[in-house]
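Proteins come first, then strands; the chains are lettered A, B, ... in the order of their sequence lines, and each starts at number 1.
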Protein chains: 2
Amino acid sequence: MQKDLPELRLLTTPTAQLQVSGATLVDVARVAGVSPITVSRALNQPHLVRPNTLAKVQAAVQETGYAKNMQPGALASSRSKLVALVLPTISNQIFADMVQGTSDTLTEAGYQLLLGFSGYEEWREEILVETILSRRPDGIILTGTLHTDSTRRRLQQAGTPVVETWDMTASPIDTVIGFSHEEVGHATATHLLQRGRKRFAILTAGDPRAARRNQGLQVALAKQGISVMATHTAAVPGTLPAGREGAARLLDAHPDLDAIVCSSDNLAHGALIEAGSRGLDVPGKLAVMGFGDLNFSSHTVPPLSTVRVDGARIGAAAAQAILERLDGAAKAQPARSVNTGFELIQRGSS
Amino acid sequence: MQKDLPELRLLTTPTAQLQVSGATLVDVARVAGVSPITVSRALNQPHLVRPNTLAKVQAAVQETGYAKNMQPGALASSRSKLVALVLPTISNQIFADMVQGTSDTLTEAGYQLLLGFSGYEEWREEILVETILSRRPDGIILTGTLHTDSTRRRLQQAGTPVVETWDMTASPIDTVIGFSHEEVGHATATHLLQRGRKRFAILTAGDPRAARRNQGLQVALAKQGISVMATHTAAVPGTLPAGREGAARLLDAHPDLDAIVCSSDNLAHGALIEAGSRGLDVPGKLAVMGFGDLNFSSHTVPPLSTVRVDGARIGAAAAQAILERLDGAAKAQPARSVNTGFELIQRGSS
DNA sequence: CTGTTAGCGCTTTCAA
DNA sequence: TTGAAAGCGCTAACAG
């Protein structure tokens, strides 16, 4: 029994791609003998449709081979079900963890993730934000709180929910979720000083937040009259071999170091391997501190100590914040700050 | 001189979000004194517009504060400028590298990346593909060549360019870009056998492609009458501590092992650290092989040997393949297979 | 619970 | 080089 099925239309677009256009809502409606809006409801808010009608629609969907198309709906409703995430790079495990946390949360809520990279450059971020905005996402998650004025302005006037992550600030664009990097540096200093460390070196990647942690470390050390003996800066992202090489340089120049503070676990593992190859006792003679110690993608091993931050949690919380802003929009919620904190993981008896 | 600027319209959507709707093409056209389509051309194909007109449009854009909106254009032209990437997880460095390579290539071409995770589960992939398709991306990049029949069918009928990656197959959905995992296993066996290794263990994560590499390894070893002494399987993704623990178990059970073949560099680094803590000479007494050795996010250190695969290159090539299919669509290009190969990195004199 | 009407904001097509 | 008309496929708002 062949009802009036929509014929397969062959469309040749000007860019000359030959494509098969499938059935539309209208086609389904015709076959089901209802109106298009009823099909829309049956598909998206089935509880608003009588079971009987629902069944007819479902049958028609089968018969026509209808495939959902969110694009027109997004246009008509101004809800794209898309959330954008702007990262400096994915080549750092903490960001990989964050992506997973963000994506999982969004997927569960029926949203999808648009991903873009700024390469730690503000001007790139500015262009990227503009491009992203042109897609009208339902929310934007940014890394850090350092943006050009123009980016901030653009984001504010767009009226899209924005979450800044991995940091704290007194003047957020909208919502911030993260922790204080100065505090991390301070806590690291306290931790190592309490254990009698006196001869410090910093092994860091050229990342603005790492710089702030180092700053916090140095300020806290200075209060005890201690200054860092040497700093080695590696390119972003800090890799394991770069960590090994950096540690080698530091130890060559200062064989009596008793603490190397690294800006990432990758660098720290490199340092650990270098120390091992020199027969240095870690953490007996030399303490090595990392940063990260993630859930999904990487974990440190003893005898490394590290600062644990939960990238997946930050990502999930950021996504959650967007979602809440979206459905609670009427309540005009105020901007929020969420401090996710960090945790110092001590290993060995150093 | 206040021309008839569009007033800022306050829209209250049913979901009750208060948002400011900006100027549209029509607004710009009115201010510029031209037709909407001319504004569209001035913005997207400026070479088709007289410089004089162009200037008027640009001035009007300034004056109205017009912000580009791709959504209606995507609907009207069936070109979303969106490419989707489906990964099992991001918690594996090789995929992180791939994301970066894909994103960089797409961004340069004015496209953006939609990212989704299947968690190594076919049914998740199937749902994800359906959701992705409902957004009408211009292309889809998948991981591996193992998909449900229904996924394959759906993808084919959608008429969207598809690239399968990280593998080779005789029956691609469309295009494949990757290498043979059996060959990797074979090459690894040959390499180690040539260096006199006889007592093998496998340290692997439960990943289908890793399984195929192990398979290739074992087949090649069997030809020399050698069988693997033990296999330790860790959860995906293989982490450094898991590698260390797995190596410990293997070495406890078989102290005389002379080769541990790992399914990732993460696991291998863990094994290396364990070997170091036992005072085992690597690679003198024990060879440790990794897999990955990436460009962006991770590199192995000596004395680890490894199989190098270029995730960023695979990602970039996949994006490129989509783009080519898009603009050369008229030529109805045939499906292609690209073997990106791999490279065995030998370190130490083992 | 279901339908009617009127767009969402841009692009395509064809004509001038 | 520019414009007019006609959608793209779906949803909002309101009426029945």
Exercise. Closer than 4.0 Å, any side-chain N/O of A/Thr53 to the OP1 or OP2 of C/dT2?
Worked result: yes

Problem set entry | Rounded distance (Å) that lies between atom C1' of D/dT2 and atom CG of B/Asn44 | 16 Å

Exercise. What is the distance, rounded to the nearest whole Å, between atom CG of B/Asn69 and atom C1' of C/dC10?
Worked result: 8 Å

Exercise. Any donor-acceptor pair under 3.5 Å linking the side chain of A/Gln112 with the backbone of B/Leu115?
Worked result: no

Problem set entry | Atom-pair distance (CG on B/Leu25; P on C/dT11), nearest Å | 6 Å

Exercise. To the nearest angstrom, how far is B/Ile37 atom CD1 from D/dA6 atom C1'?
Worked result: 12 Å

Exercise. Looking just at side-chain N and O atoms, do A/Glu122 and A/His147 make a donor-acceptor pair shorter than 3.5 Å?
Worked result: no

Seminar exercise, completed: B/Ser35 has its side chain closest, among D/dG3, D/dC10, C/dG9, to D/dG3

For this session: On DNA chain D, check which nucleotide each of B/Leu54 and B/Ala76 is closest to and give me the residue with the more 5' one.
Result: B/Leu54

Please list, for nucleotides 14-16 of chain C, all pairs of protein and nucleotide N/O atoms separated by less than 3.5 Å.
none

Problem set entry | Comparing A/Met70 and B/Arg50 on DNA chain D - which has the more 5′ nearest nucleotide | B/Arg50

Exercise. Which whole-number value in Å describes the distance from B/Arg136 CZ to D/dG9 P?
Worked result: 9 Å

Problem set entry | C/dT11 phosphate, OP1 or OP2, under 4.0 Å from B/Ser40 side-chain N/O | yes

For this session: Could you state the atom-to-atom distance from CD of B/Gln45 to P of D/dT1 in whole Å?
Result: 12 Å

Exercise. How would you list, by chain and number, every residue that makes a salt bridge (Lys or Arg N to Asp or Glu O under 4.0 Å) with A/Arg154, sequence neighbours excluded?
Worked result: A/Glu130

For this session: In whole angstrom, give the distance that lies between atom CG of B/Asn52 and atom C1' of D/dT1.
Result: 12 Å

Exercise. Going by distance alone, is a donor N or O of one side chain under 3.5 Å from an acceptor N or O of the other, for A/Ser150 and A/Glu126?
Worked result: yes

Exercise. Are B/Ser35 and B/Thr38 linked by a side-chain donor-acceptor pair shorter than 3.5 Å?
Worked result: yes

Exercise. Is B/Thr38 near enough to D/dT2 that one of its side-chain N or O atoms lies under 4.0 angstrom from OP1 or OP2?
Worked result: no

For this session: Determine yes or no for a side-chain-to-main-chain donor-acceptor pair under 3.5 angstrom, with A/Asp167 supplying the side chain and A/Gly144 the backbone.
Result: no

Exercise. What's the closest nucleotide to the B/Tyr66 side chain, out of C/dG3, C/dC10, D/dT11?
Worked result: C/dC10

Problem set entry | Minimum-distance pair of heavy atoms, taken over all atoms of A/Ala42 and A/Val57 | CB-CG1, 3.7 Å

Exercise. How many Å lie between NZ on A/Lys81 and C1' on D/dT11, as a whole number?
Worked result: 14 Å

